[in-house]
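Notes to accompany the following structure.
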Protein chains: 4
Amino acid sequence: MKSQKKLSFIEEARRNQIMTCAIEIISSRGYAQASLAQIAKEAGISKGVISYHFSSKDDLIEQIVSDLYESGSTFMTPYLAAQTTALGWINTYIEKNVLFMKSHRKHVIAVTEIIFHARDEEGKPRHFRNIDTDATINVLVKMLHRGTMEGDFREFTDFSARVLAATIRSAIDGLSFQLAASLDLDLDAYAKELVTIFQMAARKV
Amino acid sequence: MKSQKKLSFIEEARRNQIMTCAIEIISSRGYAQASLAQIAKEAGISKGVISYHFSSKDDLIEQIVSDLYESGSTFMTPYLAAQTTALGWINTYIEKNVLFMKSHRKHVIAVTEIIFHARDEEGKPRHFRNIDTDATINVLVKMLHRGTMEGDFREFTDFSARVLAATIRSAIDGLSFQLAASLDLDLDAYAKELVTIFQMAARKV
Amino acid sequence: MKSQKKLSFIEEARRNQIMTCAIEIISSRGYAQASLAQIAKEAGISKGVISYHFSSKDDLIEQIVSDLYESGSTFMTPYLAAQTTALGWINTYIEKNVLFMKSHRKHVIAVTEIIFHARDEEGKPRHFRNIDTDATINVLVKMLHRGTMEGDFREFTDFSARVLAATIRSAIDGLSFQLAASLDLDLDAYAKELVTIFQMAARKV
Amino acid sequence: MKSQKKLSFIEEARRNQIMTCAIEIISSRGYAQASLAQIAKEAGISKGVISYHFSSKDDLIEQIVSDLYESGSTFMTPYLAAQTTALGWINTYIEKNVLFMKSHRKHVIAVTEIIFHARDEEGKPRHFRNIDTDATINVLVKMLHRGTMEGDFREFTDFSARVLAATIRSAIDGLSFQLAASLDLDLDAYAKELVTIFQMAARKV
DNA sequence: CATGAATGAGCATTCATTCAT
DNA sequence: AATGAATGAATGCTCATTCAT
């Protein structure tokens, strides 16, 4: 038991080291530069180690993505669950998304890079948001309609709600790209501005 | 501002053919699929022809980008020049940007793909918007401040204007990604919604 | 037309050169040694050239196999077509098979190597002779039965004919392996001995 | 002739387990699939264990071969020793070889695979039969000549005896390849047919 | 005895680019 | 003006082997 735990600890440490190095390269130099050779060089190990700890490069990349989703969910969920109104939910959603970016800067940049590069075998984008089907947009749409019923938001058609939801997501996704280009962004202030912008854009007139 | 007038008719035609094929591949199958071999195959020519007409692959890619910027500018300028208020200018900017996407769908998708892939020698993103220096954002910021003076917009600090400007650009850039995923988007309606959203977000309370 | 023919000639020459080098390596050092790097080294070219002329390593290997089948068929067919009895046909089949090995020594050794190494994705042998379904065995079985009717061969059950047919093929296949180990085999004499052996094994008592 | 008596019971068991798993993989999926990783996985142990018990992969492979030779010899010797004539000896040799295959099916298939893949450092085949030097062929040649003296076989030159001996071996070796492709072969009947074939091929006219 | 971890060489393949014709 | 041919570096991946624990 003790030996297993220790070995598992080493394995876990290596996996984290490799993932951290991959994130470092992807966030600073882009997805295309993140070859196994570059990642291994950054980590000071041989290429084979990566293959030993991850079944494939895709596996490594997927781990980086799902790791972020997991910590994002863990971070966001309590805040969102505490909200009692749609207005509060959306404001919190925007604000906490941005603040999460602040604490996971490189990881978020890396995952954004990954998502915008991931293609299926035919070259079709794997993760681009389809305004009619994207899960995140659907949740935002539902909240916008709820906000209308609660008297905080203006009337929305399904389409107008979807466009606003997509615009909120674009603002957050776009911020991730800005992060890769701007090192000294004040994200607390940025979050407040975004909350203001979308609160005004959605509110009852 | 053509760089060289010496291009013969045939040469010009070949360049356009190659660029069109590259745009077709990049927009439909993604940047990674756009190898010279694939582009040549699509065009029904040999790889050498591309090298003959473009000094490098980067040169071809840059031409595709600057071509779009040129036609975008040609399309947008008269509409924007006709505006007498900042409010009108920004509404027009948003609306006509979206309509331009409608008429240059594949080219816009391709350039968006390129922009999010292009890196300099060190791996730094070549085109990501820096909120403090990006030319487009600067123009929007100027217009937002003018709108305040004209009594149509709320008060903005430099930072709050920059965040709103960046959000407008993110909405438009993000729409380009959606275009690659959603075939049947009603762009006229989408433009109107975006105009409404940002008019509300900027207006004087 | 002339230019096409000339270029096609160069291409043909390179393909033959590559195939010849691959045959040389496979026949002398075995299938496992025949990496693209080794073949390219033997040919004094870069690995890329092979990929340029063959769509894949499998393609190159398949060409080597089908080339031999084609020349084998071209060589054998007239002799076999000239035979009027089953006895003559089988004697000729054995004799000419061995003589063909004499003139295509390395190629035959290489293809035997290839055939005995080729596996499908699950590792199942692709070309091992199934006594009940192998096409070559089926032809020999038919001839054995015909020879019985013509009064030259003893009576065969289907099974006993199949075992004899398989034994004839094993003798020829096995000779190919011997060729890889024995440089100075007298194949004309060997052919005569095999003819004698199987004539005695099949004849009417 | 065991080389080392020091092997503990556990060590012996482990070696057998590893060899059995290697035989299973080689016989069912081919030599190329038999990486140490696959063998270790099949055995449910780590790769290191194999290296611990065998000095190298080649050592493991050689053990599988010599193990089969040893049990083959143990099985065959009493039957052959009981024969008083060359005719009886050769018939028994063929029949018992085939029956041994029946009882050691996978092991025989695996060893046949190994023999046709094993090469020395220079790539020369390690086990292909040289008609002039192969020990098994030499024994059969001696028996054929004895059979002539005993009045059962026709006259043989050294060469004609060697070809017949090689053909007998090819028939048996070839049967092993068939075993890998045909699951339901009646080996008792097959043995009888082979005895008939070679008795007829060798007999006095 | 056994393991997990790591290595480094080798694999087939793809790529942008160059060049003689 | 255009091409086919060739290059050499880089890619993700697998492998037998080694070694500290």
Side-chain angles (χ1 to χ4, degrees), chain A residues 3-4 6-11 13-15 32-40 43-61, chain B residues 8 10-11 13-14 32-40 45-61, chain C residues 3-4 6-11 13-15 32-40 43-61, chain D residues 8 10-11 13-14 32-40 45-61:
Chain A
S3 73
Q4 279 187 359
K6 194 184 173 189
L7 295 167
S8 162
F9 171 76
I10 289 177
E11 161 120 40
R14 260 285 191 251
R15 283 176 66 96
Q33 288 297 313
S35 66
L36 292 190
Q38 287 299 313
I39 295 168
I45 56 179
S46 82
K47 275 192 299 176
V49 186
I50 303 176
S51 296
Y52 180 78
H53 289 282
F54 296 91
S55 65
S56 69
K57 189 185 177 183
D58 277 359
D59 180 33
L60 164 60
I61 296 297
Chain B
S8 78
I10 287 181
E11 170 135 24
R14 262 281 190 252
Q33 290 293 315
S35 67
L36 291 191
Q38 287 300 311
I39 296 167
I45 57 178
S46 82
K47 274 192 298 177
V49 188
I50 303 176
S51 297
Y52 183 79
H53 288 285
F54 297 91
S55 63
S56 70
K57 189 185 179 183
D58 278 356
D59 181 32
L60 163 60
I61 296 298
Chain C
S3 73
Q4 277 187 0
K6 194 183 167 189
L7 295 166
S8 161
F9 171 75
I10 289 178
E11 160 120 39
R14 257 288 189 255
R15 284 174 66 95
Q33 288 296 314
S35 67
L36 291 192
Q38 288 300 313
I39 296 167
I45 56 179
S46 82
K47 274 191 300 175
V49 185
I50 302 176
S51 295
Y52 180 77
H53 289 283
F54 296 90
S55 64
S56 69
K57 188 185 179 184
D58 277 357
D59 180 31
L60 165 59
I61 297 297
Chain D
S8 76
I10 288 182
E11 170 135 27
R14 263 281 192 252
Q33 291 293 314
S35 66
L36 291 190
Q38 287 301 310
I39 296 167
I45 56 177
S46 82
K47 275 192 296 178
V49 188
I50 302 176
S51 297
Y52 182 81
H53 288 284
F54 297 91
S55 64
S56 69
K57 190 186 179 184
D58 278 357
D59 181 32
L60 164 59
I61 297 298

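The chains referred to below are lettered A, B, ... by the order of the sequence lines, with proteins before strands, and numbering in each begins at 1. All values reported here derive from a predicted model rather than from experimental measurement.
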What integer distance in Å separates [X]:[atom1] from [N]:[atom2]?
X: Ile61(C); N: dA12(E); atom1: CD1; atom2: C1'; value: 12 Å
X: Asp59(D); N: dT17(F); atom1: CG; atom2: C1'; value: 14 Å
X: His53(C); N: dG4(F); atom1: NE2; atom2: C1'; value: 9 Å
X: Ile50(C); N: dT14(E); atom1: CD1; atom2: C1'; value: 14 Å
X: Ile39(D); N: dA16(F); atom1: CD1; atom2: C1'; value: 11 Å
X: Phe54(D); N: dT18(F); atom1: CZ; atom2: C1'; value: 18 Å

Test side-chain contact (heavy atoms from CB on, under 4.5 Å), reference Ile39(D), set Ile45(D), Ile50(D), Val49(D), output is Ile50(D)
The correct list of stems in which DNA chain E takes part (3 or more consecutive Watson-Crick or G-U pairs, distances under 3.5 Å) is E:2-21 with F:2-21
The reported gap from NE2 in His53(A) to CZ in Arg15(A) (rounded to nearest 0.5 angstrom) is 8.5 Å
Nucleotide by nucleotide, nucleotides 9-14 of chain F touches protein heavy atoms under 4.0 Å in the pattern (B base, S sugar-phosphate only, - none) -BSBBB
Among dA6(F), dG4(E), dT3(F), the one nearest any side-chain atom of Ser46(D) is dG4(E)
Correct closest heavy-atom pair for Ala40(B) and Ser46(B) would be CB-C, 3.9 Å
Nearest heavy-atom contact between Leu60(D) and Phe54(D) is CA-CD2, 3.6 Å
I'd like to check the side chain to side chain contact (heavy atoms under 4.5 Å, CB included) partners of [X]; sequence neighbours left out, ordered by chain and number.
X: Tyr52(C); answer: none
X: Asp58(C); answer: Ser56(C)
X: Ala37(A); answer: Ser35(A), Lys47(A)

ask   = Does Tyr52(A) make a side-chain donor-acceptor contact with the base of dA6(E), cut-off 3.5 Å?
value = no
Kindly say if Arg14(A) contacts the phosphate of dG4(E), meaning a side-chain N or O under 4.0 Å from OP1 or OP2.
no
